[in-house]
Amino acid sequence: LDGLGEEARFLWPLNLAMDRSGTVYVGDGYHVLRKVSSKGEVSRVSCKDEMGRDVIFFSGLSSMVTDDKGNLFITDTNKIKKMTPDGLLTRFVGGDANGRKDGQGIEARFIGFQSLGGQWMPGKLAIDKANYLYFADAANHAIRKISPSGSVTTIAGKPEGFYFQEYASSTSMDGSANVASFTDDGIRYEPLTARVDMGTDALGNVYLQGVRKVTPNGDVSTLERGDY
């Protein structure tokens, strides 16, 4: 239910992002994008695709961040979409098929996977001060970096196979970009554990779940208590 302050109602708010104007975007469940103005007014976000069609529902809205230009980036199944301040929603990176492939724009591949409850559970997004995106490509056991122009590279995480049958044999290991690997309950597909939290610092380091650190050159380490 839209409205002002306590009049508004949410179904299942899972993800938040705030732009420079103070507008807060809310992923209400996995399918509906809403926003909260600086005055507390809640409304459904109005946006259109490249064909001019209204976008009402998303397939798997699991994470979002904003850049310093007011663009909103959204993970939607195995794609990352971009919504401009004027409400134009386009596919930024990611093709239709699941996979693990670096490349430009829609040539790149990620894995969007579903939980046992049928909800889409790709990993989280983070953004640095230079507007580079970082994506915890959970099912690929990899950290992907996306330039402002849409070029996707893998900065850490060696290939561990594809889809769920490889999970049992994958390991968690620190080291350089081509040695490090990622796995724990954060990349399995139970509904409450598949969302991998991440963030960046001013030096361009990426942090996962608050305890794994990935440097700009892809070196991965596990923080000891007292380091964070």
Side-chain angles (χ1 to χ4, degrees), residues 15 17 62-68 71 73-82 91-95 97-113 121-163 166-167 169-188 194-224 227-228:
N15 303 283
S62 65
S63 184
M64 64 183 83
V65 294
T66 59
D67 67 11
D68 61 11
N71 298 305
F73 295 90
I74 301 164
T75 57
D76 192 16
T77 61
N78 57 355
K79 308 169 188 66
I80 297 174
K81 296 181 178 180
K82 175 182 178 180
R91 186 190 307 191
F92 185 52
V93 293
N98 277 336
R100 174 170 169 162
K101 179 184 176 183
D102 292 342
Q104 181 67 35
I106 62 173
E107 296 176 357
R109 295 290 184 270
F110 310 96
I111 296 180
F113 63 99
M121 290 290 187
K124 287 292 188 179
L125 281 174
I127 192 167
D128 66 17
K129 63 180 182 180
N131 290 328
Y132 280 83
L133 296 174
Y134 299 86
F135 177 56
D137 194 358
N140 272 321
H141 306 268
I143 307 302
R144 317 291 293 277
K145 183 176 182 177
I146 305 158
S147 74
S149 64
S151 177
V152 179
T153 56
T154 300
I155 61 169
K158 61 183 181 180
E160 288 286 355
F162 196 171
Y163 296 115
E166 297 293 333
Y167 282 9
S169 62
S170 61
T171 59
S172 180
M173 182 182 300
D174 291 343
S176 60
N178 61 345
V179 171
S181 58
F182 302 89
T183 184
D184 60 12
D185 285 345
I187 51 178
R188 296 180 185 175
R195 294 184 289 277
V196 181
D197 291 324
M198 65 189 309
T200 62
D201 65 17
L203 300 177
N205 298 304
V206 180
Y207 298 88
L208 289 95
Q209 303 289 64
V211 295
R212 303 292 298 282
K213 177 182 177 181
V214 184
T215 66
N217 64 358
D219 291 332
V220 180
S221 60
T222 300
L223 301 179
E224 301 291 338
D227 291 340
Y228 56 93

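Note that the structure is a prediction, hence the values are computed from the model and not measured.
- Residues P216 and G204 share a closest heavy-atom pair of CG-O, 3.7 Å.
- No donor-acceptor pair under 3.5 Å is formed between the side chain of T66 and the backbone N or O of A17.
- No donor-acceptor pair closer than 3.5 Å links the side chain of S63 to the backbone N or O of T75.
- Closest non-hydrogen pair, E107 versus K101, comes out as O-CD, 3.4 Å.
- Of all heavy-atom pairs between A136 and L208, the closest is CB-CD2, 4.4 Å.
- Rounded to the nearest 0.5 Å, atoms CG (L133) and CD1 (I80) are 6.0 Å apart.
- Of the residues listed (F73, F92, F110), the one engaging F135 in a ring pair (Phe, Tyr, Trp, His ring centres under 6.0 Å) is F110, and it is the only one.
- Heavy-atom minimum distance, V220 versus A156: CG2-CB, 3.8 Å.
- In this structure, N15 contributes its side chain and M64 its backbone to no donor-acceptor pair below 3.5 Å.
- Side-chain contact of N78 with N98: a donor-acceptor pair under 3.5 Å is present, judged by distance alone.
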*For side-chain contact (heavy atoms from CB on, under 4.5 Å), just list the numbers for R100 and I111, CA-CA rounded to whole Å, side-chain angles, deciding distance to a tenth of an Å, and then say yes or no.*
CA-CA 7 Å; R100 174 170 169 162; I111 296 180; 5.9 Å; no

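- Here the closest non-hydrogen pair linking T200 and A126 is CG2-CB, 4.0 Å.
- R109 approaches D137 most closely through the heavy-atom pair O-OD2, 4.4 Å.
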*Can you check salt bridge (Lys or Arg N to Asp or Glu O under 4.0 Å) on K129 and D68, steps first, answer last?*
CA-CA 8 Å; K129 63 180 182 180; D68 61 11; over 6 Å; no

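- One finds the OH atom of Y134 at 9.5 Å from the CD1 atom of I127 (value rounded to the nearest 0.5 Å).
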*N131 and N71: side-chain contact (heavy atoms from CB on, under 4.5 Å), yes or no, with the steps?*
CA-CA 10 Å; N131 290 328; N71 298 305; over 6 Å; no

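- Inspection of the S149 and S147 side chains reveals an N or O donor paired with an N or O acceptor under 3.5 Å.
- Side-chain N/O atoms of D102 and T154 include a donor and acceptor closer than 3.5 Å.
- Note that CG of N217 and OG1 of T215 are 3.5 Å apart. Values are rounded to the nearest 0.5 Å.
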